[in-house]
Amino acid sequence: MNSPVNEEVQALMEAAHDRAAKALGLTCTGPLAWGFLGVTLGRRAGDRWLRVSRTAKRHAGRKAGEGIVGASELVPDGVPRPHLYAVHDWTDGEWAFESEVLDYLTQPIVSPDRADIDHDPGLPDEWWADLRQALALLAEAEGVKATVRDGWIERAFPQFLGIPAPAKVERVTGHGDLHWGNLTAAPLCLLDWERWGRVPFGYDAGLLHANSLLVPDVAARIRKEFAPILDTPAGRIGELAALAEMLQAVARGWYPDLAPRLVARAETLTGVRPPVPVHSEVSA
């Protein structure tokens, strides 16, 4: 989806990927697939996909019930996602590395190069029905991690939306990173389970809607498909949490094209124009 930041990061991650492949007995071929800022690197290995990620050594160790391993244990089989076959983790110097062996998917990612979309992907009715069903099944699963924490909401609503934080946030289990770069075209598959957990009700649908605002027809389709969620007081709070998170990214220099639409949508929901700058440079 992205390229590494520099040659040092590229060399580090390619060596880590080679190490994981050797440890897991895999032969990888085909192009490298870089994640955000070179933090992850994936590559095909036959009918499998090897994904390697890095974090600071102080964060080493997978937490029970969280991330992709937790999802493989707790998320119902009816939620379409790549199957997890094996993991291999280690530390080296200042870094901790985690690797997973997953299904190699043949269907394309809806938006492989960005989280939002600038054109209608033309998804069939069956795809939308499958997405609704997947999120409904997921909502009933046991979630461990609190994604989009209450403390962040208390700070972010006044800072990025210009309104007080809600007194109560209703939560369900959700994906936590539902954007177009984490969804495949038909057949539907949900990718990247690092943030899944207990999210504000309406957050997943709200985040996908926010990432669709450059394409009004798709945004309208999401509001229609998820009206029973978004058109409720609790769902409105969840959507506002998603918008606050996106506007925080805007303040850091991301989503310059999407920014005015995010501001307008937030103002539509609250009647208050968000105080966040619409354009700024990416901070170092």
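Just so you know, these numbers use all the heavy atoms, side chains as well, and skip hydrogens, waters and symmetry mates.
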Single-linkage hydrophobic cluster [X]~[Y], side-chain heavy atoms < 4.5 angstrom:
X: L269; Y: I222; value: yes
X: I229; Y: I153; value: yes
X: L178; Y: L214; value: yes
X: V250; Y: I163; value: yes
X: W128; Y: L213; value: yes

Using a 3.5 Å distance criterion without hydrogens, assess whether the side chain of [X] forms a donor-acceptor pair with backbone atoms of [Y].
X: R81; Y: V75; value: yes
X: D103; Y: L105; value: no
X: D217; Y: D120; value: no
X: S212; Y: V215; value: no
X: S53; Y: V39; value: no

Could you pull out all donor-acceptor pairs under 3.5 Å where a side-chain atom in residues 183-197 meets a protein atom, sequence neighbours excluded?
from : atom 1 : to   : atom 2 : distance (Å)
T184 : OG1    : P187 : O      : 2.8
T184 : OG1    : C189 : N      : 2.8
D192 : OD1    : E194 : N      : 3.4
W193 : NE1    : L190 : O      : 2.9
R195 : NH1    : G176 : O      : 3.0
R195 : NH1    : Y203 : OH     : 3.4
R195 : NH1    : E245 : OE1    : 3.2
R195 : NH2    : E245 : OE2    : 3.1
W196 : NE1    : G67  : O      : 2.9

Would you call [X]-[Y] a salt bridge at under 4.0 Å N-O?
X: E239; Y: R265; answer: yes
X: D116; Y: R261; answer: no
X: D125; Y: R221; answer: yes
X: E170; Y: R198; answer: no
X: E267; Y: R273; answer: yes

From [atom1] ([X]) to [atom2] ([Y]), nearest 0.5 Å:
X: H17; Y: K22; atom1: NE2; atom2: NZ; value: 15.5 Å
X: L135; Y: D130; atom1: CG; atom2: CG; value: 11.0 Å
X: R155; Y: Q248; atom1: CZ; atom2: CD; value: 9.0 Å
X: L138; Y: T173; atom1: CG; atom2: OG1; value: 6.5 Å
X: K57; Y: F97; atom1: NZ; atom2: CZ; value: 11.5 Å
X: H209; Y: M246; atom1: NE2; atom2: CE; value: 11.5 Å

Kindly determine whether E14 and R19 satisfy salt bridge (Lys or Arg N to Asp or Glu O under 4.0 Å), including the steps that lead there.
CA-CA 9 Å; E14 289 184 9; R19 176 173 173 169; over 6 Å; no

Of V169, L230, T232, the residue whose pairing with F201 passes side chain to side chain contact (heavy atoms under 4.5 Å, CB included):
T232

Hey, does [Y] have a side-chain heavy atom less than 4.5 Å from the side chain of [X]?
X: L74; Y: V144; result: yes
X: L102; Y: I68; result: yes
X: D18; Y: C28; result: no
X: L243; Y: F157; result: no
X: I117; Y: H179; result: no
X: T55; Y: E98; result: no

Side chain to side chain contact (heavy atoms under 4.5 Å, CB included) between L41 and R51, intermediate numbers included:
CA-CA 6 Å; L41 177 60; R51 178 182 185 269; over 6 Å; no

Please evaluate residues F160 and L262 with respect to the criterion side chain to side chain contact (heavy atoms under 4.5 Å, CB included), reporting the C-alpha separation (whole Å), side-chain torsions for both, the decisive distance (0.1 Å), and the verdict.
CA-CA 11 Å; F160 299 109; L262 296 169; over 6 Å; no

Regarding R48 and the six-membered ring of Y85, is the cationic atom NZ or CZ under 6.0 Å from the ring centre and inside 45° of its axis?
yes

Flag this pair as yes if the NZ/CZ of R44 is under 6.0 angstrom from the six-membered ring centre of W49 and inside a 45 degree cone about the axis; otherwise no.
no

Between L207 and D204, is the side chain to side chain contact (heavy atoms under 4.5 Å, CB included) condition met? List the steps.
CA-CA 5 Å; L207 187 62; D204 278 349; 5.8 Å; no

Go through the steps for R54 and D92 under the test salt bridge (Lys or Arg N to Asp or Glu O under 4.0 Å), then give the verdict.
CA-CA 10 Å; R54 64 180 165 88; D92 187 2; over 6 Å; no

Could you report the tightest heavy-atom contact between [X] and [Y], atom names first, then the distance?
X: W180; Y: L208; value: CE2-CD1, 3.5 Å
X: F36; Y: T40; value: N-OG1, 4.4 Å
X: L137; Y: P76; value: O-CG, 3.9 Å
X: G30; Y: R43; value: O-NE, 2.7 Å
X: S99; Y: W90; value: OG-CZ3, 4.1 Å
X: L84; Y: S72; value: CD2-OG, 3.8 Å

Flag if over 12 foreign heavy atoms under 6.0 Å of CZ, R149
no

